[in-house]
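Worth saying up front: this structure is predicted, and the values here are computed from it rather than measured. Letters A, B, ... are given to chains in the order of the sequence lines, protein chains preceding strands, and every chain is numbered from 1. Computation of the quantities below employed the complete heavy-atom set of this structure, encompassing side-chain atoms and omitting hydrogens, waters and symmetry-equivalent molecules.
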Amino acid sequence: MNDLKQVNKSKKRVDAKAKVTGKAKFGADLKFANMLYGKVVRTKYPYAKIKNVDISKAEAYPGVEVVMTAKDIPNNTFGVIIQNQRVLAEDEAIYIGDGIVMLAAESKEAAEEAAKLVEIEYEELKGIHDPLESRKPDAQLVMEGTDSNQVVHHPLRKGDVETGFAEADLILEREYSTHYIEHAYLEPEAVTVVPNERQTLVSVYGSVQNPYATRDAVARVLEADLSQVRIIQDNMGGSFGGKDENISSMAARAAVMALETDRPVQMVNSREESIIESYKRHPYNLKYKVGATKEGKLTAMEIEAVADSGAYACQTPFVTWRSVVQATGPYEVPNVKTDTYGFYTNNPYTGAMRGYGSPPTCFAQESLMDELAEELGMKPDQLREKNMYRQGSHTASNQKLDNHTVSLQEVLDKAKESINYDKKYEEYSKEQTGEKKRGIGLAISYRGVSLGAEAIDTTGGIVAVQKDGSIILYCGLAENGQGLRTVFSQVVGEELGVNLDRITYMEADTSVAPESGSTVASRSTFMGGNALKKAAKNVKETMIEFAKEEYGVEGEIIFKDNALYTDSGKKIEDFSKVASDAFHSGVFLSSYGWYKAPKISWDEETGQGRPYFTYVYGCQIAEVEVDTGTGQVKVLNMAAAHDVGKAINPANVRGQIYGGVVMAVGHALMEDLGFSDGFINHTNFDEYLIPTAKDIPDIDAIIVENPDPAGPYGAKSIGEPTVELGGAAINNAIALATGERHYDLPLNLERVLIGRDLSREG
Amino acid sequence: MAKVKVEFKVNNREVQVEVDPTERLLDTLRERLNLTGVKEGCAVGECGACTVLFDGEAINSCLIPTVQAEGKEVLTIEGLGTEDELDPLQQSFIDYQAVQCGFCTPGMILSAKALLNKNSSPTREDIKGAIDGNLCRCTGYEQIIQAVQNAADGEVEA
Ligand code: FES
Ligand code: FES
């Protein structure tokens, strides 16, 4: 594996040229003959009875083709885990993004005008907007047909926390909260549904993150066979977990209208519509109790985490499950009791967002470790070194970490060295004069790769060598901007010795590629890479067999530089010639590769088992400057060291790290929905602020490589771990700078200045 | 509303359109001229995805009524570089992995172009300033800044 040609190289992205020339088409760029423009009318109130809906004026508006309500939808509910999300609200609206009426017209303008003419009579009701209220036994119920607002409860029990706390010399109890985060993908949701196209009932084009999940939803809503619903993914203008259920709902609406009118229907959200309707990152309330000996050994941890699921179950059961596994952080704790809950409220529903359930728990637990170190009079890194996982350690789930390299020490050391941690820590620990004070803070984590025990974890891929030696790849995993087309092409190119310009990775098309699960959980490189590598290996074996017979060669055959060679280095034939000869001899040069993730296990009652088959490790250290006169925090530098197993494309990996770090800076310091009593007040980028080029720290993206035995070329993952550490690292840096600790996100001006957020009670 | 006739140049081609006085340049470019490299990300002048050059200056086409384009020269991403020879900025974005999802990319490149038109040796801070109005949620800006810097320095592998 020393002379890799494609893998472990910063190959240019295969889709970059189309994107820098403006040729790349995104969902809203598509045009179909005879197309209609769809629009949704949403509720005015977060919780209200819908007393009457009058669509007559809208129907009469010139250019309007169809106006529909929930009654016109064959099957109004869908969902990946629990099918309780409604395509349109019928009797009551239960959160501010609920749609009530949909319509389609000849032009966008007509659709917009007609939408204004829909008359809805409401009876506004008092909703529940706090999961701590909604969990009370006598709370009013959010979801029809349930007997409690609890969506899920994941317990974890290890050892005995009472004994553990009795052994402790110091016990700390702290409460933390984290807030809603909007994905803020630059491209608002866009979908076009074409009815009765070719062989299928509907074809759905657009920015679909998880084509198979969207297919399930559309087929369910239309009561159609999966084979009759075809999802074709276009270029995605970012997703970060965010174009799943909301896109399914949009696609289902467009599909119903497309079938009704027998015309293509396009729906594109404005930014405001996107922010109001789409799901968010779960806000969490977290209670932590930790015990340690005076030498700094952790003896027990007790955790209660409450997540706000909003109006629908969506992915709450899985998101909160990831929180359970990571709640204690990467530390050996002999006694653990964790309870993680999700509750319905009349708030925006919450679902997958880069990091899934880990950013809230990482924020709390790594902030807590820092404070514990301070109380014990230890340096933050020393306390961590004393307790963190090593080779062979047992996790809170009692999984022994021995099938991969546990590299916490390495990521910690590399990040510390890069940012000169020891020296800066010493300097900033001293009294600082002037308004501007500096601090440095760190956070470490371990993170399970792929879905884990959440769901069945399989991926399929097809490698099809054409008779001219060019190659087509199919896989159901989706290019969301992360560079998956390039990475998969590299893996297959490496296996078959073919350069990337001969390889085409087709867009995800549910009627062509095998169902591959969702492009989530930072699983794509690992799962899709393995599936396509297998397929490529099969093709390679066929070609070897053919070459031996056809050209009379013996011994090992080496595939490189677009050709086949003998082991003594003599060229046998060009790859394209072999492909052509094989084709004309009737040899089949395509193969399926199917990859099933290694075995895992989980006990729902105790939270014990083997939740993930492997883990990645990371450390981020933030250096900040706090203006104590204004509360302004500037992140000056960030060192981010991540063990990715093996970087298939180092430039892409660095891009993921830069992007994730900056996203975490936004989450920690500025992003705020302006949420109050079920309403979202910050609905566009003038108020929902995300980092601009001027807000970014200087980032050292440090790639650490300890190949994983199960990963393709040893690769694991990178997308999500980059975003889970920044919050705590920045919080800890602020604490060192100002001497004050904070427990709630975001760390905006008021919080940092006076310790609370003026825009709300908290 | 009475339609207004507007004549201007887009990507070096004369165009003539008849539009409502309120029609946005963004819509004229996307819908009438099929220049879909111009993107809509916010419609309020905050994201820069709709950036085009307007007589060489970077502007948000979602904020400009088309009537204001009368007699102007508009450049969109489609007019930058040619099929065989990309603009050095485009090449540099490819070389420095400055593209992820690509939705911000056209606007980003055009804002950088406006900068390089005026300042051929910008500092890192100059570059940050020039693209401050262009949001990118994917890249964290770092590789974009490097790409612009290197395009300016002429260190692009053509
Ligand atoms: S669409 Fe014009 S600035 Fe966002
Ligand atoms: S590359 Fe996705 S927004 Fe910039």
Sort out for me which of A24(A), G238(A), A18(A), A184(A) touches chain B most, counting heavy-atom pairs under 4.5 Å. A184(A)

What I'd like to find out is whether the side chain of E31(B) reaches to under 4.5 Å of the side chain of K108(A), using heavy atoms alone. yes

Would you sort out whether F240(A) and C138(B) count as a side chain to side chain contact (heavy atoms under 4.5 Å, CB included), showing the intermediate values? CA-CA 9 Å; F240(A) 318 110; C138(B) 303; 3.6 Å; yes

Under the 3.5 angstrom rule, does the side chain of Y141(B) hit a backbone N or O of P691(A) as a donor-acceptor pair? yes

Any side-chain heavy-atom pair from I145(B) and I696(A) closer than 4.5 angstrom? yes

Just how far is it from atom CG of L186(A) to atom SG of C42(B), taken to the nearest 0.5 Å? 9.0 Å

Counting heavy-atom pairs under 4.5 Å with chain A, which one of C136(B), G133(B), G102(B) comes out on top? G102(B)

Could you please spell out the steps behind the side chain to side chain donor-acceptor pair (under 3.5 Å) verdict for Q97(B) and N652(A)? CA-CA 7 Å; Q97(B) 220 82 337; N652(A) 268 13; 2.7 Å; yes

Sub-4.5 Å side-chain heavy-atom contact between F685(A) and V44(B): no

Backbone N or O of A651(A) within a donor-acceptor pair of the Q143(B) side chain at under 3.5 Å? yes

Chain B heavy atoms under 4.5 Å from A701(A): which part of the residue, side chain, backbone, both or neither? neither

Counting C-beta onward and ignoring hydrogens, is there a side-chain heavy-atom pair between N480(A) and C101(B) closer than 4.5 Å? no

Need one label for T21(A): side chain, backbone, both or neither, based on atoms under 4.5 Å from any heavy atom in chain B. both

Among K23(A), R654(A), H183(A), Q656(A), which residue has the highest count of heavy-atom pairs closer than 4.5 Å to chain B? H183(A)

Spacing of OG belonging to S10(A) relative to OH belonging to Y96(B), to within rounding of 0.5 Å: 12.0 Å

Non-hydrogen side-chain atoms of K19(A) and Q100(B) separated by less than 4.5 Å: no

Begin from the C-alpha positions of L86(B) and K17(A) and carry the test side chain to side chain contact (heavy atoms under 4.5 Å, CB included) through to its verdict. CA-CA 9 Å; L86(B) 296 176; K17(A) 190 169 177 192; 4.1 Å; yes

Side chain to side chain donor-acceptor pair (under 3.5 Å) involving E687(A) - partner list, sequence neighbours excluded: none

List the atom pairs, donor and acceptor, that lie under 3.5 Å between side-chain atoms in residues 663-671 of chain A and the rest of the protein, sequence neighbours left out.
{"unit_1": "E671(A)", "atom_1": "OE1", "unit_2": "Y688(A)", "atom_2": "OH", "d": "2.7"}
{"unit_1": "E671(A)", "atom_1": "OE1", "unit_2": "R137(B)", "atom_2": "NH2", "d": "2.8"}
{"unit_1": "E671(A)", "atom_1": "OE2", "unit_2": "R137(B)", "atom_2": "NH1", "d": "2.7"}
{"unit_1": "E671(A)", "atom_1": "OE2", "unit_2": "R137(B)", "atom_2": "NH2", "d": "3.4"}

So do the side chains of R124(B) and D698(A) get within less than 4.5 Å of each other, counting heavy atoms only? yes

Hey, what do you get for CZ (R271(A)) to SG (C47(B)), rounding to the nearest 0.5 Å? 7.0 Å

Reported CD1-to-NZ distance for the pair I94(B) and K12(A), which is rounded to 0.5 angstrom: 7.5 Å

Check each atom of E40(B) against the heavy atoms of chain A and say whether the ones under 4.5 Å are side chain, backbone, both or neither. backbone

Please evaluate residues I690(A) and L135(B) with respect to the criterion side chain to side chain contact (heavy atoms under 4.5 Å, CB included), reporting the C-alpha separation (whole Å), side-chain torsions for both, the decisive distance (0.1 Å), and the verdict. CA-CA 8 Å; I690(A) 66 171; L135(B) 297 177; 4.0 Å; yes

Does the pair R13(A)/D95(B) count as a salt bridge with the N-to-O cut at 4.0 Å? no

Do D29(A) and K39(B) make a side-chain contact, defined as non-hydrogen atoms from C-beta onward lying under 4.5 Å apart? yes

Taking F103(B)'s backbone N and O only, do any of them form a donor-acceptor pair with E187(A)'s side chain (distance below 3.5 Å, no angle check)? no

So which of D132(B), N134(B), T105(B) has the biggest tally of heavy-atom pairs under 4.5 Å with chain A? D132(B)

Selection from I657(A), N684(A), D15(A) maximising heavy-atom pairs under 4.5 Å formed with chain B: N684(A)

Using side chain to side chain contact (heavy atoms under 4.5 Å, CB included), reason through T139(B) and V662(A) one step at a time and then give a plain yes or no. CA-CA 8 Å; T139(B) 65; V662(A) 170; over 6 Å; no

